[in-house]
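All remarks here apply to the structure that follows.
As a basis for the values below, the full set of heavy atoms in this structure was taken, side chains included, without hydrogen atoms, waters or symmetry mates.
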Amino acid sequence: MTAPRTPRKVFGRLSLPERNYVAEALRTETVGGVLLLLAAIAALAWANIPAFGDSYESVSHFHFGPEALGLNLSVAHWAADGLLAIFFFVAGIELKRELVAGDLKDPKAAALPVVAALCGMAVPALVYTVTNTAGGGSLAGWAVPTATDIAFALAVLAVIGTSLPSALRAFLLTLAVVDDLFAILIIAVFFTDSLNFAALGGAVVGLVVFWLLLRQGVRGWYVYVPLGLVIWGLMYNSGVHATIAGVAMGLMLRCHTREGEEHSPGQHIEHLVRPLSAGLAVPLFALFSAGVSISGGALADVFTKPETLGVVLGLVVGKTFGIFGGTWLTARFTRASLSDDLEWADVFAVATLAGIGFTVSLLIGELAFEGDAAMTDEVKAAVLTGSVVAALLATVLLKIRNAKYRKLTEAEERDEDLSGVPDVYEEDDPAYHLRVAAIYEKKAAEHRRIAEEMEAARLAEVPGGAGDEGDGPA
């Protein structure tokens, strides 16, 4: 007879290597998210304080770069096409790692974040399309509310101080990685108007050389950085969005370890480049993309124009119900059950948090309404508004369960035997129980010693010593 199958738990405990990777990645993204928030606030202040005049527009539209190479771009353009290539390079490494060593390696485990991400992109696009079809608006911005900004979402978590369990944080991170992949595909397929096949062919040749050098084990940043810049420049001139070069190079890196390796080359490079992406590239992009004029009338227009209303509803309503619905349906039809420590309300709160769309949403907004500066600014204002509304709703929902999250996090982090490994990962190891027993025996011996000393001191204070008669009052 075959043994009965153990029901698979949704959002169960992570493996120790996966937990450590997620913890390190989220620490960097959280810091980057806080910088992203500060950059967005600075951009809004710079663009709206009268004392600064038109300096924001002047700086954003200042052009520099080699004209002969087709790279005489504005500052804002360099930020969107150049700096975001670093962001997508890291996204490519993350995706490769998830495919070979993370949650996406196992098809059963991968089904949940993949289906949730797909539903979390399809439903916002549908909400936008229905809103604009009914209101007579432009359908060009259907892809704007489809993206989740993981750095912004984690910054919100950092600000509100929520101790979200590691399984939910890992789900949010994996969801964002899959989300980024499909956003890249959307940009490549739907926002490529014309192609320069000579430049595209050169970029492909450069990528082949990049791959061959990696296969031969060639090392040295002085080889790969210049080659990467050439590939990026050719990709930009090909008509395909230049960030595609970043994700393509990220996907080529080896992300599994070989014998004698503590970290794979992909993990090592990601560790070096992620701070540059989260701490510099994305905040600078935000600084030169989020500076839109905000006034009472402009905010009111966000909820009256079909294009901007579609973006807000797509982020707040579409993202939430798309991700939650995709997660519930996956769990329902794979006969998986929710972890005993969590409730579906927790999944709904995380789905609401995923409605924070910023970096990629702003980028797609610029591409969707290219040539229409007024509509581009209005859509950016809608992205900011929808993200803030989603953040506020998620804050309320997460705060309700914050005490429960704190207890779960404390249990995950407890290390009674001081081994450096949380106890929940050592419960099946006899050596762990022997270490804990030794610690408690030592504590028991110490308490016995203290008790004996206290008893001896108490007896020493009794006149005549213990057992003497006639020492009480007559």
Side-chain angles (χ1 to χ4, degrees), residues 14-29 32 83-111 113-114 117 150 170 173-185 188 202-235 240 242-279 281-282:
L14 302 176
S15 66
L16 184 59
E18 186 71 9
R19 173 190 173 277
N20 292 339
Y21 168 80
V22 168
E24 181 181 356
L26 294 183
R27 272 194 297 270
T28 307
E29 291 290 356
L83 292 177
L84 278 195
I86 301 173
F87 166 80
F88 280 110
F89 175 69
V90 174
I93 300 175
E94 287 177 335
L95 178 61
K96 180 68 172 291
R97 186 203 157 275
E98 290 291 336
L99 289 170
V100 301
D103 288 344
L104 302 183
K105 182 181 180 180
D106 178 7
K108 291 182 179 179
V114 170
I150 184 62
L173 183 62
T174 306
L175 182 79
V177 170
V178 179
D179 190 291
D180 286 341
L181 168 65
F182 288 111
I184 291 162
L185 293 176
V204 171
V205 170
L207 288 171
V208 170
V209 173
F210 188 89
W211 181 76
L212 289 173
L213 291 173
L214 290 173
R215 292 276 294 179
Q216 294 299 318
V218 176
R219 296 186 178 185
W221 64 267
Y222 45 84
V223 174
Y224 292 102
V225 171
L227 179 59
L229 290 174
V230 170
I231 294 170
W232 174 87
L234 289 168
M235 189 70 75
V240 178
T243 54
I244 305 300
V247 74
M249 287 185 281
L251 284 168
M252 290 181 180
L253 293 173
R254 177 168 60 82
C255 290
H256 61 273
T257 56
R258 292 175 177 170
E259 188 176 351
E261 288 183 340
E262 185 177 355
H263 301 290
S264 67
Q267 286 176 291
H268 176 67
I269 293 172
E270 181 189 5
H271 179 73
L272 295 175
V273 179
R274 184 187 287 276
L276 177 63
S277 169
V282 175

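- Here the straight-line distance linking atom NE2 of H268 with atom CD1 of I93 works out to 11.0 Å at 0.5 Å rounding.
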Extract all donor-acceptor atom pairs below 3.5 Å that involve side chains of residues 243-260 and protein atoms in other chains or at least two apart in sequence.
from : atom 1 : to   : atom 2 : distance (Å)
T243 : OG1    : H241 : ND1    : 2.8
R254 : NH1    : H256 : O      : 2.7
R254 : NH1    : E261 : OE1    : 3.0
R254 : NH2    : E261 : OE2    : 2.9

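- Closest approach of L175 to P113, counting heavy atoms only: CD1-O, 3.8 Å.
- V114 approaches V178 most closely through the heavy-atom pair CA-CG1, 4.2 Å.
- Taking both residues in full, the closest heavy atoms of W232 and A242 are given as NE1-CB, 3.1 Å, listed atom of the first, atom of the second, then distance.
- For F210, the ring-ring contact (aromatic ring centres under 6.0 Å, His included) partners two or more places apart in sequence, or in a different chain, are Y224.
- Between atom CD of residue Q267 and atom CZ of residue R274 there is a gap of 11.0 Å, rounded to the nearest 0.5 Å.
- With values rounded to the nearest 0.5 angstrom, F89 atom CZ is found 11.5 Å from E94 atom CD.
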Step-by-step side-chain contact (heavy atoms from CB on, under 4.5 Å) determination, L227 to L213: CA-CA 11 Å; L227 179 59; L213 291 173; 3.9 Å; yes
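- One finds the CG atom of L229 at 11.0 Å from the CG atom of L234 (value rounded to the nearest 0.5 Å).
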